[in-house]
A.B. asks: 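Structure in structure tokens, see below.
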Amino acid sequence: MKRLLSLLMVLVLVTMNGVSLVSCSDGEEQSQEEKVSPSAGIDLSDKEKVVNVYNWGEYIAPGDDGGMDVLAEFEKTTGIKVNYTTFETNEELYNVLKNSNSSYDVIIPSDYMIARLQREGMLEKLDFNNIPNYKNIDERFRTGTYDETGEYTVPYTWGFVALVYNTKMIDGDELSGFADLWNPDYKNQVLMFNNSRDALAIAMQVCDPPIDPGKDSFTAEDIERATDKLVELKECGSLKRYVMDQVFTEMEGSQAGLATYYAGDIATMLDNNEDLDYIIPEEGSNLFVDALCIPTCCKHKKNAEIFIDFMCDPEVAAENANYIYYGTPNKAALELMDEEYTDFELVNPPAEYIDKCYAFTELDDKTYSLMQENFIKACTGKASPGSIWTVIAILSLIVAGTIVVLILNIRRGIKNRGRINKL
Amino acid sequence: MKSKKPSIPYLGWMLVFTIVPLLMVLYYAFTDDTGAFTMENFTNVADYSHIFLYSLYVALISTLICLVLAYPVSYSISRCSERKQSIIVMFLMVPMWMNFLLRVYAWVLILQSYGPLDTMLQFFGIHLKLIGNTGAIIVGMVYEFLPFMILPLHAVMSKIDDSLIEAAQDLGCSGVYVFRKVIFPLSIPGIISGVTMVFVPTASTFLVAQYLGGDQLMIGDVIERVFQFNHNTGSAIALVLMVVILGFLVFMNRFGDKEAVGR
């Protein structure tokens with residue numbers, strides 16, 4: 001009885017702790033917002049010659065191999081010191097902005113995260129008078145689902161999803177687009193994205209009639225149809241595995257014949273295995289954009305705009321594009337680049353192709369978790385009624401067996417006690 | 001009455017890190033995301049029933065292979081001198097000094113197409129798909145968990161007194177009879193703990209199937225993925241797996257009791 005009581009106490013304590021923790025963090029968020037908003041208007045640019053930049057890792061030309069060290073060059077020309085930090089995922093960036101007191105002046109999130117930050121009022125409008133080099137940016141990228149009016153962002157890089165195949169295993173003439181992933185002739189050869197958003201988007205494109213993966217929301221029926229299409233990928237026998245980073249070892253080591261992945265990464269794979277070649281899917285594909293923005297926690301807005309302007313300078317943008325090897329939205333920079341880059345469809349596809357592409361929008365949590373759930377079901381395949389009943393049978397056997405064993409044990413215990421008493 | 005005080009630190013540990021999490025799994029499994037009671041999570045589990053059966057099948061086969069491999073080896077080791085025994089046991093442990101994931105990855109490198117094994121077999125004109133199937137998963141599982149079968153078997157067998165075997169032989173038992181009447185019954189507790197220590201982790205482990213298997217996942221992988229966005233269904237799957245394993249343990253213990261007492 002005592003033990004039970006103490007257990008209960010601990011439980012109560014733990015749950016209370018949980019509750020109070022939650023409420024604490026809520027409170028913190030609120031107080032932060034209060035803290036941030038008044039300071040947002042203050043611009044210390046004239047007093048402090050500093051700009052705090054938060055970027056992806058390896059996402060700016062570092063100046064080795066005789067190229068330009070972009071950050072050093074910026075400091076030299078403008079006299080503004082750069083505090084440069086990097087993040088690994090959009091979610092990490094979001095958490096830092098939301099839950100810490102650190103202040104950044106320039107951030108470079110991806111499209112769907114920009115939409116989220118903007119919706120939550122965490123981005124500042126840009127003053128384009130301070131960014132004259134904005135004229136170099138291709139009109140096509142100035143607005144998008146991530147920034148309908150183009151008031152908050154200056155595109156930095158972009159990329160899309162393409163197909164990579166091994167010429168020794170698959171005849172490139174047979175390939176035209178995503179629908180070929182479902183070709184049963186490529187038995188156990190196909191690698192598919194191991195994340196719900198990318199995989200279901202491709203399935204939606206291949207569905208008949210196709211569903212637009214760039215919609216701002218999906219009905220349960222849309223998701224259901226796309227899931228069925230993915231299940232087909234498994235059932236037709238072409239699928240080898242769902243992978244993310246493992247795609248590099250699989251394709252570079254000639255373990256699989258055909259894969260779909262991000263174009264910039266396919267360029268890396270082509271460098272490492274001569275047998276590989278690429279196809280740009282005829283259906284169009286997901287176009288993603290990373291853009292320079294200024295968050296509301298910014299304390300040096302003018303410096304930030306000078307920095308953004310510097311990044312749009314044709315020469316600087318060309319250096320960056322050459323290093324990162326993603327697409328550049330900077331038209332003037334493209335003119336400065338050599339043919340090896342401009343003729344390479346994986347970083348500079350024809351404009352007609354870009355028109356066919358779509359960008360992801362930020363989905364509400366419910367739709368997103370429905371997609372994740374359905375994706376797992378597509379990965380595991382459909383359960384047959386036989387297997388369901390077998391599991392139920394096993395479970396009931398176990399429960400019945402356990403009860404029988406327990407009863408037997410108790411009876412034996414009673415008997416034994418009797419024996420001891422007799423003795 | 002023995003003093004219970006020395007076990008208090010562990011009991012505290014168990015309460016906080018075993019009992020409370022278990023209760024939380026129970027709570028999550030029977031509630032939805034608003035906290036209201038529901039059985040819906042268990043109907044979701046039905047979608048993964050074939051994965052359950054597949055995992056149990058893989059675990060069963062791996063455990064049997066481990067047992068068949070480990071039993072004779074453990075017996076041979078247990079008949080060596082004590083010095084030798086400790087050296088051999090140490091060598092059995094050597095692979096476990098390396099990280100679990102590295103060992104699985106080493107298997108990927110060995111089994112992959114154009115890998116060393118594949119090249120060798122192709123040289124002899126044999127064309128096989130060595131990776132991306134159930135066989136590869138079982139090979140990986142057996143490799144991972146074989147020491148867990150050998151160690152308990154060895155521990156129990158090394159306690160079998162040589163004089164018992166000699167006595168049986170003196171009384172005219174043939175080799176087979178000595179095994180059936182003396183060695184096997186005395187080694188049963190070792191078999192039970194070995195089988196438990198292999199079956200339970202193979203049924204629930206994850207990553208092995210992701211690396212060595214093809215498009216087939218195991219229940220551990222499913223739990224890991226479902227948990228990322230839905231704690232409730234994830235808990236329900238984990239709970240069903242726990243019940244299955246619990247049933248297995250009860251069965252093994254019952255079986256062991258009878259065997260040990262009955263003969």
A.B. asks: Looking only at side-chain N and O atoms, does E252(A) offer a donor or acceptor that is under 3.5 Å from a partner on N273(A)?
C.D. replies: no
A.B. asks: Let me know if Q246(A) has heavy atoms under 4.5 Å from chain B in its side chain, its backbone, both or neither.
C.D. replies: side chain
A.B. asks: Ignoring hydrogens and geometry beyond distance, is a side-chain donor-acceptor pair present between S387(A) and Y54(B) at under 3.5 Å?
C.D. replies: no
A.B. asks: Can you confirm whether the side chains of S235(B) and N232(B) place a donor and an acceptor under 3.5 Å from each other?
C.D. replies: no
A.B. asks: Most heavy-atom pairs under 4.5 angstrom with chain B, which of T380(A), V391(A), I394(A), L397(A)?
C.D. replies: T380(A)
A.B. asks: For residues M197(B) and F145(B), determine if any side-chain heavy atom of one lies less than 4.5 Å from a side-chain heavy atom of the other.
C.D. replies: no
A.B. asks: Using a cut-off of under 4.5 Å on heavy-atom pairs, state which of L53(B), L217(B), V222(B) scores highest against chain A.
C.D. replies: L53(B)
A.B. asks: Does a donor on one side chain sit under 3.5 Å from an acceptor on the other, for N195(A) and D198(A)?
C.D. replies: yes
A.B. asks: Below 4.5 Å, heavy atoms only, C-beta onward: do C66(B) and M141(B) meet side chain to side chain?
C.D. replies: no
A.B. asks: Do you know which of F229(B), F52(B), Y48(B), Y114(B) has the most heavy-atom pairs under 4.5 Å to chain A?
C.D. replies: F229(B)
A.B. asks: By a 4.5 Å heavy-atom criterion (distance strictly below it), what part of Q210(B) contacts chain A: side chain, backbone, both, or neither?
C.D. replies: backbone
A.B. asks: Does any part of the side chain of W107(B), heavy atoms only, come nearer than 4.5 Å to the side chain of I131(B), both counted from C-beta?
C.D. replies: no
A.B. asks: Taking non-hydrogen atoms and a cut-off under 4.5 angstrom, which of residues 116-126 of chain B neighbour chain A?
C.D. replies: none
A.B. asks: For each of V399(A), L408(A), T402(A), tally heavy-atom pairs with chain B at distances under 4.5 Å, and name the one with the top tally.
C.D. replies: L408(A)
A.B. asks: Could you verify whether a donor N or O on one side chain and an acceptor N or O on the other, from N230(B) and R225(B), lie under 3.5 Å apart?
C.D. replies: no
A.B. asks: Could you tell me whether R241(A) and D215(B) make a salt bridge, using a distance below 4.0 angstrom between a side-chain N and a carboxylate O?
C.D. replies: no
A.B. asks: Taking atom types as modelled, is there a side-chain donor on T268(A) or D271(A) under 3.5 Å from an acceptor on the other?
C.D. replies: no
A.B. asks: Report yes or no: does N166(A) contribute a side-chain atom to a donor-acceptor pair with the main-chain N or O of G257(A) at less than 3.5 Å?
C.D. replies: no
A.B. asks: Identify the residues of residues 29-46 of chain B whose heavy atoms come closer than 4.5 Å to a heavy atom of chain A, ordered by number, or report 'none'.
C.D. replies: N44(B), A46(B)
A.B. asks: Could you look at I388(A) and say if it's the side chain, the backbone, both or neither that has a heavy atom under 4.5 Å from chain B?
C.D. replies: both
A.B. asks: For S196(A) and Q372(A), test the side chains for any donor-to-acceptor distance below 3.5 angstrom and give the result as yes or no.
C.D. replies: no
A.B. asks: Applying the side chain to side chain contact (heavy atoms under 4.5 Å, CB included) test to V208(B), which of L101(B), T202(B), V104(B) qualifies?
C.D. replies: V104(B)
A.B. asks: Heavy-atom pairs under 4.5 Å with chain B: which of A383(A), S369(A), G381(A) has the most?
C.D. replies: A383(A)
A.B. asks: Is it true that atom CG of D365(A) has more than 12 heavy atoms of other residues, nucleotides or ligands lying nearer than 6.0 Å?
C.D. replies: no
A.B. asks: Which heavy atom of V206(A) sits nearest to which heavy atom of F178(A), and what is that distance?
C.D. replies: CG2-CB, 3.8 Å
A.B. asks: For F375(A), is it the side chain, the backbone, both or neither that has a heavy atom under 4.5 Å from a heavy atom of chain B?
C.D. replies: side chain
A.B. asks: Taking every heavy-atom pair that is under 4.5 Å apart, which of S254(A), G253(A), G386(A), S384(A) has the most such pairs with chain B?
C.D. replies: S254(A)
A.B. asks: Sort V108(B) into side chain, backbone, both or neither according to what part of it lies under 4.5 angstrom from a heavy atom of chain A.
C.D. replies: neither
